[in-house]
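Numbering of ligands and ligand atoms starts at 1, following listing order. Computed from heavy atoms alone, side chains included, the values below leave out hydrogens, waters and symmetry copies.
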Amino acid sequence: MRLSWRALPIAVAGALLAASSAAAPYTFPSIDHPAGIDRACAAALVQARSMERRLETWPADDSLLGALDDLAQHLEDTMGPVGLLTAVHPDAGVRAAAQACERRYQAFVSSFLQNVRIHRSLGRVVPADDIDRRFRQDQLDAFEDAGVALTPMHRRRAQKIARDVGRLAQDFERRILEDRRTVAFSEEELEGVPRAVWAGAPKDGQRRHRLGLDAPTYQPVIEYATRAATRERMWRAGLMQGGDANLRTLAEIARLRREEAALHGFPSYADFVLRRRMARDESTVSAFLASVQDAVAQREAADLAQLQAAQPAAPLQRWDVPYLTERLRRERNGVDQEQFRAYFPPDASLAFVFRIAERLFGVTFEAQPQPLWHRDAKAFAVRDGAAGAYLGTLFVDLYPRPGKYNHAAVWGLRNVSTRTGRTPAAALVVNFNRAGLNLDELETLLHEFGHALHGLLSATRYASQGGTNVRLDFVEAPSQMLEDWVYDPKVVALFQQVCATCPPVPDGLLARAFAAREFGKGVRFARQRLFAAYDLALYGPRAGEPMALWRGMEAATPLGHVAGSMFPAGFAHIAGGYAAGYYSYLWSLVLAEDLRTAFAGDRLSAETGRRYRETVLSQGGQVDAAELLRRFLGRPPSNTAFFQALSRP
Ligand SMILES: [Zn+2]
């Protein structure tokens, strides 16, 4: 979801693509066959190369900064939509063509960023102000990270590595996306699982229901199946996704990234990339993760002891944890995630998050009908409430289908630029149950919506610094900040403003749900800490083989490692852009908890919301994140709120 020279999602001005101006709402390009993508891709790259030639002789003054951003915008125009189509288009041929286009784009970018002449001119530019200074430095860093200062031989090697890693990361993601594995269960075996989850599933020769591993199916089986054997089979299937092929791919990716770091004189990929993040270096991240572990270890042990006590007859296994956690939440707090679906129909849930943004940030959302990649996908024009000015377009794709990205994410299709009058667009992709959302899913929706707002409410000078183009370890903070809004009765009451037929959530249920969510926090954070530590080790100086590394680290946890499970084969984050960056979820949460303190009195305060929009969201990555927090909070950022929340009984 993060846009950068290195990463990518971006798109542009080919003949197939609708030109958009500040006045006309953006429409999604109508590319829906592989040849169309090939043509748009080729045209965009031809133009990009001619822009590169012009940049080589561009005067070394501050107009070069704008010219560089023009190229970024041009690429974004094509690659934004193309990047999204790799994940959502129903036709495998279109997805494959889109992936091929991404590879060509990556090859262009890694070669462009080694352009010595442009890099030299950029080095001579005298920035006019702080925004230009930061933009220039970010660009210089990108050139240097791509190897512009290396010897010609090492430059070629760095390009080859960038191309290979891009291709391997695509392979990794595709094997998970196209995994059609099913697990067959008889009706008896599915005891406890809501009927709606399995009743429509295809049957095998023995009249057993063949269930896939998409979230709306996997999750309820793991959380509700009363039979341990059912949960175990589902869990094992989920932990096999990607398979041996992905383990080999991950090993190769880690090896290549280590080699890339070595070309630049760094002992590990973690050291190479962390210097561009808020955290700065590996030892800071390790120390942070150790402090998280200290804060949660006892709590994890206490959680597990309670789960074991709930199932005295058999030793606690990993596939028992979600089930028993949910069971105890039902027994102790009277909270069942399934009961929420009646209150949160999908369309009303979307209107609900829109309403939150309207209250906080003074913006409105209006359906903007247009042909899209699938009939479930919808477009909304975002307008500034006060003046009604068009701000940008949000695309939403709510329901699962074969071949679609199976988690929740936002694609920043294009970024704002006040310099050129460019408006932003983002796509929110989730996989919800048509019957309604549970409270966890409502939280997920709000989280992803937070990313979309970051892009849509940005007002940066350069597109390359718009919205979520911030440091990787800050990018989750604005989204995470919103997550616990769904436990506030005053916020949830907005449902009745957007949905006349939605029954109000009964008094006290949200408070009980919050208490229920607090239970299991030790297990949850310990797991996140483990994932982050594993990622850091994998990209550290001495990683070894991914599965052996994982086996060793997981074996050291209270529940140990289950032979045959291969979690790293499905860990797409770290094969892709979150390499040596998974810790960002915990790191950002520190910042998110700190941001929340400003909304503690009133989560719907229009005054605080306006200040937040102006000081944080609108600035994207054009100001240092710590500085944004300082401006908004009126003091330096602090980790006090995070550690308080972690130890809250
Ligand atoms: Zn996120």
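- Each of Arg167, Arg175, Glu173 was scored for a side chain to side chain donor-acceptor pair (under 3.5 Å) with Thr249, with one residue passing: Arg175.
- Between Arg134 and Glu627 no salt bridge is recorded (no basic side-chain N to carboxylate O distance below 4.0 Å).
- Distances from the Zn ion (ligand 1) show that Glu448 has no N/O/S atom below 2.8 Å.
- Its N, O or S atom nearest to the Zn ion (ligand 1) is what matters here, and for Glu476 that atom is OE1.
- The atom of His451 nearest to the Zn ion (ligand 1) is NE2, with the search restricted to N, O or S atoms.
- Ion pairing between Asp624 and Arg630 fails under the 4.0 Å rule for side-chain N and carboxylate O.
- Side chains of Arg603 and Asp484 form a contact here, defined as non-hydrogen atoms less than 4.5 Å apart.
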